[in-house]
Amino acid sequence: TSYVNYDKLRSNVDIVKKRLSRPLTLSEKIVYGHLDDAQNQEIDRGRTYLRLRPDRVAMQDATAQMAMLQFISSGLPRVAVPSTIHCDHLIEAQIGGEKDLARAKDINQEVYTFLSSAGAKYGVGFWKPGSGIIHQIILENYAYPGVMLIGTDSHTPNGGGLGAICIGVGGADAVDVMAGIPWELKCPKVIGVKLTGSLSGWTSPKDIILKVAGILTVKGGTGAIVEYHGPGVDSISCTGMATICNMGAEIGATTSVFPYNHRMKTYLEKTGRGEIAALADENADLLVPDEGCEYDQIIELNLNELKPHINGPFTPDYAHPVSSIGATAKEKGWPLEVKVGLIGSCTNSSYEDMGRSASLAKQALDKGLKCKAEFTVTPGSEQIRATIERDGYSKIFHDVGGIVLANACGPCIGQWDRRDVKKGEKNTIVTSFNRNFTARNDANPATHAFVTSPEIVTALAIAGTLDFNPETDFLTAANGEKFKLEPPFGDELPAKDFDPGQDTYQHPPPDGSSLSVDVNPTSNRLQLLEPFDKWSGKDLEDMKVLIKVKGKCTTDHISAAGPWLKFRGHLDNISNNMLIGAVNSENDAINKIKNRLTGEFGGVPDVARHYKA
């Protein structure tokens, strides 16, 4: 509770309310509640730039390398706000959790040592490899209703499931906040999603965002915060709300958020933060939207009528009801055989997700069946891994033919040494992840990836085919009898409390000034930053445009993960991965742009290097 400051939030909100004399949305309360100067800040949604004071910073290990290198070059002795580093991006899925983790520790030792020592020196907490995925760790430990957190990863908005404003930023923004400089954000518009009815049967929280993505498309949320409200909210678990906010990144939203309710209170209490829940109760008026507040756009969803969805291939906003995906796939020529089903990831790896999936796997086992497709499970954190092992879910997954991978991002970000199909071979996979852009998961551009709920992934992995609708279709048991899967069921939270598993956190010492941080000058993975030449004071004119990008330009297109992650701490090497996945508007080609000085075509980094020289 020493980090929780509702008094500051309240005083800022009171000032802004007096100035604007209108009811505020929840996201406005939290965002304006963190203004550097609430009295004088110009506030106009979609137009002015806000100067903000976020409460916390979180960084994953790929982006943390450059952020810490930048912080080191600032010359400051210690971070100005509580900050943490999370080792989740550099662990490649290959054989199974334990062996993959050991291999990653060996391959990435230089980077882990750098991050651990830099964290200790500059006052940053360090979550070691194997601790879990950054967003799950934040939800379990750091997010709380009304906090403003910035994270160096696109899916930071996950924390909105706990009533927090959590925004994904670049490393340079994180460095500003760690250095105590106000952070700038264009004043967000607010899209309201009103939920009525309640979730039941095969429909899951994931289906809400799969449906919203279909409505808003990959750019419909740009410049806006998506704010869920209405009577339907109470039918969703806290971790289910996090799932919805997490995948809001796929509609381009600044972030997404839910109002504080009893589901969040229960989650805080179960994760050892009952004192924060009590404070949130006392300040509940700050943590819900005002009556009569206005949204820039409203979407209404009746959860009683919402059916299970599956989105893809190649884009997360191409939405289909599960009942019609088989017919669409046949018509479009998409492969029907499901080669791999993958559950977990930062979007869907909660205790509830694992329990609901295990309830389906158990039904198959009871009828003598195993998964027809390969099946992988990625726990979101060491706490989830230990708890699902204790409660028997891991054994069910193993018995049905699944492999439990390391507590890390793994295949979701392309950290997957996939060997069951050749590169270029057309095939279908189904995942409970958030993104499915071309080649994202396995570097194979012919892989048709579909995103859906972990429950639907599990059902399709058991059936082995995309045209299976678990609500209506039958499976054949080992003894030949036909049977239908009962709708999934899983406890929202463990009855026996969470098992924290192994301790994987390193807290920084109170004073790290005597500690050193080593970077080998010949390293190909880490490179200390050299200051830029002093600016002449004159504007740069007649600059060449390197590339004008056509269509999607997500972080995947700008600098995809996978094999390039190992160079994230080496500015020169990672520059070879700049915009090489983006489409050039001039010729519709990927990584082929015109060098304006020579007239010849070349790769984006090659032309950039020529211009620089």
Side-chain angles (χ1 to χ4, degrees), residues 1 3-56 81 143-150 157 159-167 177 182-195 221 223-231 233-234 241 245 248 253-262 264-265 276-299:
T1 53
Y3 293 120
V4 182
N5 188 352
Y6 285 126
D7 297 340
K8 176 77 176 138
L9 193 66
R10 185 172 296 283
S11 90
N12 266 5
V13 169
D14 288 346
I15 292 167
V16 171
K17 267 194 172 173
K18 215 171 271 172
R19 283 183 54 203
L20 299 181
S21 59
R22 64 169 173 83
L24 299 180
T25 66
L26 167 60
S27 47
E28 286 184 303
K29 287 182 185 181
I30 305 175
V31 172
Y32 306 160
H34 286 83
L35 284 169
D36 183 46
D37 180 1
Q39 196 63 65
N40 300 303
Q41 171 73 57
E42 194 187 353
I43 298 168
D44 184 7
R45 294 204 309 222
R47 188 181 71 83
T48 59
Y49 280 83
L50 308 178
R51 288 161 64 83
L52 300 162
R53 292 282 183 185
D55 299 301
R56 273 202 100 85
V81 299
Y144 64 84
V147 73
M148 178 180 255
L149 178 147
I150 64 164
L162 207 40
I165 289 287
C166 299
I167 300 175
V177 177
W183 175 60
E184 282 201 353
L185 176 72
K186 191 173 192 178
C187 189
K189 292 188 168 181
V190 189
I191 297 171
V193 180
K194 185 180 180 184
L195 303 177
I225 292 178
V226 179
E227 188 171 307
Y228 294 85
H229 61 282
V233 166
D234 284 348
M241 293 189 253
C245 293
T254 303
T255 191
S256 303
V257 69
F258 276 84
Y260 178 62
N261 68 357
H262 70 96
M264 294 183 192
K265 181 184 170 126
I276 295 178
L279 282 173
D281 284 345
E282 287 169 29
N283 293 277
D285 61 307
L286 285 175
L287 308 172
V288 294
D290 286 336
E291 200 71 43
C293 66
E294 284 191 17
Y295 295 100
D296 294 286
Q297 180 184 348
I298 285 226
I299 295 167

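What you are looking at is a predicted structure, and each value in this text was computed from that prediction instead of being measured. Counting begins at 1 with the first residue of the sequence.
Ile225 CD1 to Ile167 CD1: the interatomic distance, rounded to the nearest 0.5 Å, is 5.5 Å. Atom CG of Asn283 sits about 7.5 Å away from atom CG of Asp7, to the nearest 0.5 Å. Here the OH-CD1 distance, from Tyr6 to Ile276, works out to 7.5 Å after rounding to the nearest 0.5 Å. Distance SG/Cys293 to CD/Glu227: 6.0 Å, rounded to 0.5 Å. Remark: Lys189 NZ to Asp44 CG distance equals 9.5 Å, nearest 0.5 Å. To the nearest 0.5 Å, the span separating CG on Asp281 from NZ on Lys265 amounts to 3.5 Å.
Side-chain atoms of Asp36 never come within 3.5 Å of backbone atoms of Arg53 as a donor-acceptor pair (strictly under, hydrogens ignored). Proximity of a side-chain donor or acceptor of Thr255 to a complementary backbone N or O of Cys166 within less than 3.5 Å is detected. When atom types are taken as modelled, the side chain of Lys29 and the backbone of Val288 share a donor-acceptor pair closer than 3.5 angstrom. Under a 3.5 Å cut-off, the side chain of Asp55 and the backbone N or O of Met148 do form a donor-acceptor pair. With hydrogens and angles ignored, the 3.5 Å screen pairs no side-chain donor or acceptor of Asn12 with any backbone N or O of Ile15. Using a distance-only test at 3.5 Å, with no hydrogens or angles considered, a donor-acceptor pair links the side chain of Gln41 to the main chain of Tyr49.
Residues Leu35 and Leu52 are in side-chain contact: their nearest non-hydrogen atoms beyond the backbone lie under 4.5 Å apart. Counting heavy atoms from C-beta outward, Val16 and Glu28 have side chains that stay 4.5 Å or more apart. Looking at Tyr32 and Lys17, their side chains never come closer than 4.5 Å, going by heavy atoms from C-beta outward. Contact annotation: the side chain of Glu184 never approaches that of Leu50 to less than 4.5 Å [non-hydrogen atoms, C-beta and beyond].
Under the side-chain contact (heavy atoms from CB on, under 4.5 Å) test applied with Ile165, the options Ser27, Pro157, Pro188, Pro54 reduce to a single match, Ser27.
Within 6.0 Å of atom CD in Glu294, 12 or fewer heavy atoms from other residues, nucleotides or ligands are found, so the atom counts as exposed in its surroundings.
Considering all non-hydrogen atoms of both residues, Leu162 and Ala143 come closest at CD2-O, 3.3 Å. Contact detail for Val226 and Ala253: the closest heavy-atom pair is CG2-CB, 3.9 Å. Residue Thr254 comes nearest to Gly223 through the heavy atom pair OG1-C, 3.8 Å, listed as atom of the first residue, atom of the second, then distance. Closest non-hydrogen pair, Tyr260 versus Ala277, comes out as OH-O, 3.4 Å. Closest approach of Ala164 and Val147 over heavy atoms only: CB-CG1, 3.4 Å. Heavy-atom minimum distance, Val257 versus Gly163: CG2-C, 3.9 Å.
Tyr228 meets the ring pair (Phe, Tyr, Trp, His ring centres under 6.0 Å) test with Phe258; sequence neighbours excluded. Residues passing the ring pair (Phe, Tyr, Trp, His ring centres under 6.0 Å) test with Tyr295, sequence neighbours excluded: His229. For Asp14, the side-chain contact (heavy atoms from CB on, under 4.5 Å) partners two or more places apart in sequence, or in a different chain, are Arg10.
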Quiz item: Can Arg51 and Asp37 be said to form a salt bridge (charged side-chain N to carboxylate O under 4.0 Å, His left out), step by step?
Solution: CA-CA 8 Å; Arg51 288 161 64 83; Asp37 180 1; over 6 Å; no

